[in-house]
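The structure under discussion appears below in the form of structure tokens.
Just so it is clear: chains get the letters A, B, ... in the order the sequence lines come, proteins before strands, and each one is counted from 1.
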Amino acid sequence: MDIVIKGVQPAEEFALDRPHPDQGRGASWFEALFQEHYPRITSMLARLTGDRGQSEEIAADVFCKLSRHWTPLRGKGEPAAWVYRVATNAGLDALRSNTRRRRREQEAGSEALRVAPTGGALEGMLRQERCARVRTVLGGLKPRDAQMLLLRSNGLSYREVAESLGIPPGSVGTMLARAEAEFERKFRARYGDSL
Amino acid sequence: MKQCLREGELRAWLDGELPAEQVSAAERHVAECAECAARHRQVADRAALVSGWMESLSAGIPGPVAMPRRPARRAAVWVAVSAIAAGLILAAVLSRPQGRTPVKAALAQPPASVAVQEPPAATAVVSVPVLPVRRAPARRARTAPVQYYMALDEEPIDTGLVMRVALPSGLQADVIVDGDGRARAIRPISVVKEEQ
């Protein structure tokens, strides 16, 4: 998992710095951040990768990195925004690296073992196929577009999305609309009008 | 609002993220401008479509694994055994004889015979009778042949610390405490005191 984390956002790696002791931010602040955002991030990454165990590994690595380097983030905004940015980057990298493995598993039919389908078998297969298609299209988007869709689907406000991605809040609507249009275009180009 | 709405404004409006002062103007403009109304519907339809796709990712994802909770019965047993062990220890400490002189203080005081002894004036040979030293009667404790531990739960014990607790009446028990500080097993010890 370190490989995944190290493969992205090298700039953020060096943006972290230990806090000055007088800045008053300590373990309690980190615990509050962890308790508030860890479940949301693991949930978001689980939907992205389809693997809760892997999503928990990624989220734990991100928070571990944050705890080691501490804050403040020099010129990089709030730590929560940094966590979401790094986590979505790492999740997208994991999604891309999982593509080949997931394809092999689907061919072998073992995907059905990972997620026990609720309802009929056909319904479960269709749902899994739909998830796989969405993930494939997400993995083919520009990272900024995929991050935008992920963060919004995870319930982040425009202000939080802007802080996470380092963009002006006023441009979130425009970038989101473009990301959705690009997603739809790629989806239809790849899979037609099915689903 | 005279100007047509941009796509980003339409999208922010859908999410309720358009500034409040612009919302009413946007509503009036979309009501009047057919082109913006069509774009608004297009943006809304696409947003709903993509949102549905993204929401489909949630299906079938197993929930987080909850940490296993110990049954309440074990907690009650642990509390009871801890209370008994604490009571035994407290009783043993409080029942110590209060008048006993500490060993350190007794050694600090030299014997009276040595303190008052004067060197003999003459060179007479004095024979000092060797008095028999009266030893304190030794206590010998004899334990029962075998006392097995009684497990307080079903889990195996990897490591633990054996603590012996005792009552003034002679009732003793060995308690195995694991790394978490929980009592895991106990065995009573029957001690027979006898004077030698």
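Salt bridge annotation for A:Arg178-B:Glu7: absent, with no cationic side-chain nitrogen under 4.0 angstrom from a carboxylate oxygen.
Residues satisfying the side-chain hydrogen bond (donor to acceptor under 3.5 Å, both in side chains) criterion with A:Arg152, sequence neighbours excluded, are B:Asp15.
When the side chains of ILVMFWY residues are joined at heavy-atom separations under 4.5 Å, either directly or via intervening members, B:Leu152 and B:Ile176 end up in two distinct hydrophobic clusters. The hydrophobic cluster containing B:Tyr149 does not contain B:Leu161, counting ILVMFWY residues as joined when their side-chain heavy atoms lie under 4.5 angstrom apart, directly or transitively. Note: the hydrophobic cluster containing B:Met150 does not contain B:Val162 (ILVMFWY, side chain heavy atoms under 4.5 Å, direct or indirect links). Under the 4.5 Å side-chain heavy-atom criterion for Ile, Leu, Val, Met, Phe, Trp and Tyr, A:Ile58 and A:Tyr38 are members of the same hydrophobic cluster. When the side chains of ILVMFWY residues are joined at heavy-atom separations under 4.5 Å, either directly or via intervening members, A:Phe30 and A:Val62 end up in a single hydrophobic cluster.
Residues B:Met54 and A:Leu150 meet the side-chain proximity criterion, which asks for heavy atoms closer than 4.5 Å. The side-chain heavy atoms of B:Arg6 and A:Thr174, taken from C-beta on, include no pair separated by under 4.5 Å.
The parts of A:Ala181 that come within reach of chain B are both its backbone and its side chain, each placing non-hydrogen atoms under 4.5 angstrom from that chain.
One distance of note links CZ of A:Arg135 with OG of B:Ser56; it measures 8.0 Å at 0.5 Å rounding.
Of the listed residues (A:Pro169, A:Ser153, A:Ser171), the greatest number of heavy-atom pairs within a distance under 4.5 Å of chain B belongs to A:Ser153.
The interface of residues 136-147 of chain A with chain B, defined by heavy-atom distances below 4.5 Å, comprises A:Leu138.
Pairs engaging residues 142-184 of chain A under the ring-ring contact (aromatic ring centres under 6.0 Å, His included) rule: A:Phe183-B:Trp53 [sequence neighbours left out].
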Show, in sequence, the C-alpha distance, side-chain angles and deciding distance for A:Ser157 and B:Glu17, and conclude whether the side chain to side chain contact (heavy atoms under 4.5 Å, CB included) test is met. CA-CA 8 Å; A:Ser157 67; B:Glu17 295 274 357; 3.7 Å; yes
Distance-only check: which donor-acceptor pairs under 3.5 Å involve side-chain atoms of residues 35-52 of chain B, not counting sequence neighbours?
unit_1  : atom_1 : unit_2   : atom_2 : d
B:Arg39 : NH1    : B:Leu5   : O      : 2.7
B:Arg39 : NH2    : B:Leu5   : O      : 3.0
B:Arg46 : NE     : A:Glu184 : OE1    : 3.0

